[in-house]
Amino acid sequence: MPTILIADDHPLFREALRHAVARILPDAQLFEADSADALYALVDAQPDADLLLLDLNMPGVQGYGALVHLRALHPQLPVVMVSGREEPAVIRRALEHGAAGFIPKSTDAATIGVALSRVLEGERWSPPGLPAAGSIPAEERDVARRLAELTPQQFRVLQMLATGQLNKQIAYALNVSEATIKAHMTAILRKLGANNRTQAVLIAGKLAVDPDSVVPPGEDPDQA
């Protein structure tokens with residue numbers, strides 16, 4: 001009995017994915033997450049899951065950072081990205097960063113079923129007719145390698161930092177001390193090769209779908 005995880009913040013699309021899975025795997029166990037925190041908790045709770053369907057643009061998961069992070073923590077778990085973005089470059093980057101497949105949200109149910117079947121059989125799947133493209137830049141690949149070295153808590157702090165939250169706000173949200181957050185920040189900066197929090201967000205932003213749109217946070221007056 002396969003276990004399938006679905007992570008998407010849109011209820012209608014989660015329902016569409018449930019129906020697509022049910023068509024080919026009527027006995028599958030389905031588990032869903034509608035947020036980044038729920039996603040990470042779900043993956044930890046289901047270590048033997050057979051497949052994760054992950055929305056590329058779910059809040060807190062935007063871009064390829066979460067894909068890289070999850071692949072590092074759970075290399076045995078195939079991840080299929082789903083997205084309303086259908087540009088070949090977006091699809092190619094997902095595959096280059098370790099996705100087992102990429103399903104545009106405009107894909108019909110029958111084709112989704114084919115895609116899931118292929119991935120569960122150990123193959124990779126991408127939309128038919130996807131043009132050939134070059135590899136992702138070496139700089140982006142290096143950033144992915146560095147992100148993969150972050151612990152789960154460090155990655156979560158980095159994600160919250162990218163939303164502009166200050167150390168004290170992050171500490172409050174995670175129910176830890178500011179000293180703990182500062183320690184995480186020191187480790188994050190070291191692992192990413194960044195000099196400050198602004199630079200850290202810009203480096204991690206290389207894995208955003210649209211890196212040029214990343215807005216760095218201001219410096220935290222209490223971070224020292």
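Every heavy atom of this structure was used, including side-chain atoms; hydrogens, water molecules and symmetry mates were not.
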Taking the side chain as everything from C-beta on, heavy atoms only, tell me whether [X] gets closer than 4.5 Å to [Y].
{"X": "H74", "Y": "D44", "value": "yes"}
{"X": "E123", "Y": "S117", "value": "no"}
{"X": "T107", "Y": "P127", "value": "no"}
{"X": "L166", "Y": "K168", "value": "yes"}
{"X": "H184", "Y": "L174", "value": "no"}
{"X": "R146", "Y": "K191", "value": "no"}
{"X": "L39", "Y": "L70", "value": "yes"}
{"X": "D9", "Y": "N57", "value": "no"}

Co-members of L51 in a cluster of I, L, V, M, F, W and Y side chains, linked at under 4.5 Å:
I4, I6, F13, L17, V21, I24, L25, L30, L53, V80, V82, I103, I112, V114, L116, V119, L120, W125
In the hydrophobic clustering (ILVMFWY, side-chain contacts below 4.5 Å, transitive), which residues join Y172, or is it alone?
none
With the 4.5 Å side-chain cut-off for hydrophobic clustering, are V68 and V214 part of the same group?
yes
Looking at [atom1] of [X] and [atom2] of [Y], how far apart are the two atoms once the value is rounded to the nearest 0.5 Å?
{"X": "L161", "Y": "Q169", "atom1": "CG", "atom2": "CD", "answer": "11.0 Å"}
{"X": "L54", "Y": "L5", "atom1": "CG", "atom2": "CG", "answer": "10.5 Å"}
{"X": "F31", "Y": "Q46", "atom1": "CZ", "atom2": "CD", "answer": "4.0 Å"}
{"X": "Q159", "Y": "Q165", "atom1": "CD", "atom2": "CD", "answer": "11.0 Å"}

Less than 4.0 angstrom from a charged side-chain N to a carboxylate O is my criterion; do [X] and [Y] meet it?
{"X": "D37", "Y": "R156", "result": "yes"}
{"X": "E96", "Y": "R92", "result": "no"}
{"X": "D142", "Y": "K206", "result": "no"}

According to the interplanar angle, ranging from 0 to 90°, do the rings of Y40 and F155 count as parallel (below 30°), tilted (30 to 60°) or perpendicular (above 60°)?
perpendicular
Single hit among K105, R14, R85 for salt bridge (charged side-chain N to carboxylate O under 4.0 Å, His left out) with D55:
K105
Is it the case that the side chains of T151 and Q153 hold a donor-acceptor pair, with the cut-off being a distance below 3.5 Å and no angle test?
no
